[in-house]
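Order of the sequence lines fixes the chain letters, A, B, ..., with proteins taken first and strands second; residue numbering starts at 1 for each chain.
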There are 2 protein chains.
Amino acid sequence: MAARARQQTENKAEADADKTERMRSTKVSRNPQRTHAAILEAATEEFAAHGFGGARVDAIAARAQTNKRMLYHYFGDKEGLYLAVLEATYATIRDAEKQLDLARRRPEEGMRELALFTWRHFLAHPEFLSLLATENLHHAHYLQRSEKVSVMHSHLIDELSDVLHRGEAAGIFRPAVDPISVYLTIAALGFFYLSNRHTLSTIFARKLTAPDALNAWGEHIVAVTLASIRV
Amino acid sequence: MAARARQQTENKAEADADKTERMRSTKVSRNPQRTHAAILEAATEEFAAHGFGGARVDAIAARAQTNKRMLYHYFGDKEGLYLAVLEATYATIRDAEKQLDLARRRPEEGMRELALFTWRHFLAHPEFLSLLATENLHHAHYLQRSEKVSVMHSHLIDELSDVLHRGEAAGIFRPAVDPISVYLTIAALGFFYLSNRHTLSTIFARKLTAPDALNAWGEHIVAVTLASIRV
DNA sequence: CCAACTTGTAACCAAATAGTTATATCATGC
DNA sequence: GCATGATATAACTATTTGGTTACAAGTTGG
């Protein structure tokens, strides 16, 4: 989410600056949206890097080039900030998933598309994986508080169900395959490989993050997923 | 590891107490092995529950029913204690893996055995999964310092290679299957399901940890693994 | 243009935290 | 049987931490 958030923030900040300058041509020495977004982005990095307990509020304020007063002003306390980070990160995922439109693809192509989409998404958002690991350490304590995240992946599961049914009708996928199991399988293969890459490469002495290795694992996910649902 | 460590500790403690009482029949008010093991067990729980940054040294000392002086006496500092926990936890895994003897099993049975073993092992050792997640958050910083953990899974990979070769020779497995990819597949399916169960069940509103669901997922791992390597 | 409100800074505080010291007690080799 | 080192306790300290307060300065509606 970091890159995207920064992009949006800067765009908004520039727009605000332009408007203000057109009106009175003063130096922009305050900019609430920018400060808010800068804190959120800094917090995302800090929480992803150190976990909830390891994250330092002072460090977040410093990284956002503001101070703690603003942080507490916008987000209440450390937990509120953490929850805001979680929700913003999930929102990014949800937005990205909307890009998927598998309805017109042939079943096997659709499954390939879905698996590679998930894999590339994990690759592009390492902070999402880290936050997920941290949140699970805390038994999803904070995520459960959020009303916004409840019906999160329904779009994805709907699209997946459709693909599976069409594959079944065409006689190439087994009948009554559970879409959630299929999704968990795809997510598991991508998540584990990336989130555990450091301990895995320490143990196996293998460069898991070389570009070739990453592409190969993406194809591996596709192959395993298809093999597991074909008749 | 917790249960096993506690068991060993208590056995040793009892043996020591017996010996001491036979010799002079004094109350046992000091017992280095027990203290050492109690600290290690308490630290395992604390680090697994809160991560490195979230773990509290005072809490560990209190949980071990000793005090910080002893903790620093035996383990140097917080990082030394964390490293000791990591090494002890990996040692438990390594010991368990030695129970595996797949050499005489038919290939498909061997694969099933290996997958279920890994799954049951993860189920029995949730603290291992949490510590792994924490360690990866820190880019395996501490694990890399340990010389002891380098050639960790070699036994497992050797056994797996043998099973794959025999399956290939029998014409039921595809040729030149990469054993590490197969192991990663098995581990990924188990690890992700368990370590992310809290966020997953929040999102999907499904009880992932019901006994039936757990058994079903174990069979799912077996089925997916076999489907991915069969000719 | 000014009163009310928002955004910002920096100094401050109480509690928590990792790590230490002083000191006492147990065990044991000589 | 006692000198010595290992094991234990609890009080202590310096620093860090999350969170607050006093106050300054920018912004805006009337």
With a 4.0 Å cutoff (strictly under), does any side-chain N or O of [X] reach OP1 or OP2 of [N]?
| X | N | answer |
| --- | --- | --- |
| A/N67 | C/dA10 | no |
| B/T35 | D/dA8 | yes |
| A/Y74 | C/dG8 | yes |
| B/H73 | D/dT7 | yes |
| A/R56 | D/dT17 | yes |
| A/T66 | C/dT9 | yes |

Take atom [atom1] of [X] and atom [atom2] of [N], then tell me their distance rounded to the nearest Å.
| X | N | atom1 | atom2 | value |
| --- | --- | --- | --- | --- |
| B/Q33 | D/dA8 | CD | P | 11 Å |
| B/E79 | C/dT17 | CD | P | 18 Å |
| B/L71 | C/dT20 | CG | P | 12 Å |
| B/I60 | C/dG19 | CD1 | P | 11 Å |

Can we call the ring centroids of [X] and [Y] under 6.0 Å apart?
| X | Y | value |
| --- | --- | --- |
| A/Y193 | A/F122 | no |
| B/F192 | A/F192 | no |
| B/F75 | B/H36 | yes |

- Message: Between B/F52 and A/M70, which residue's closest nucleotide on DNA chain C lies nearer the 5′ terminus?
- Response: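 Going by which nucleotide is closer to the 5' end, it is A/M70.
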
- Task: Indicate, yes or no, whether a donor-acceptor pair under 3.5 Å links the base of D/dG18 to the side chain of A/K68.
- Result: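 Present.
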
- Task: Report yes or no: does B/D77 contribute a side-chain atom to a donor-acceptor pair with the main-chain N or O of B/G80 at less than 3.5 Å?
- Result: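 Yes, the answer is positive, given that a donor and an acceptor are paired below the 3.5 Å cut-off.
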
- Task: Return the 5'-most residue of the pair A/R69, B/H36 with respect to DNA chain D, ranking by each residue's nearest nucleotide.
- Result: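 Result: B/H36.
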
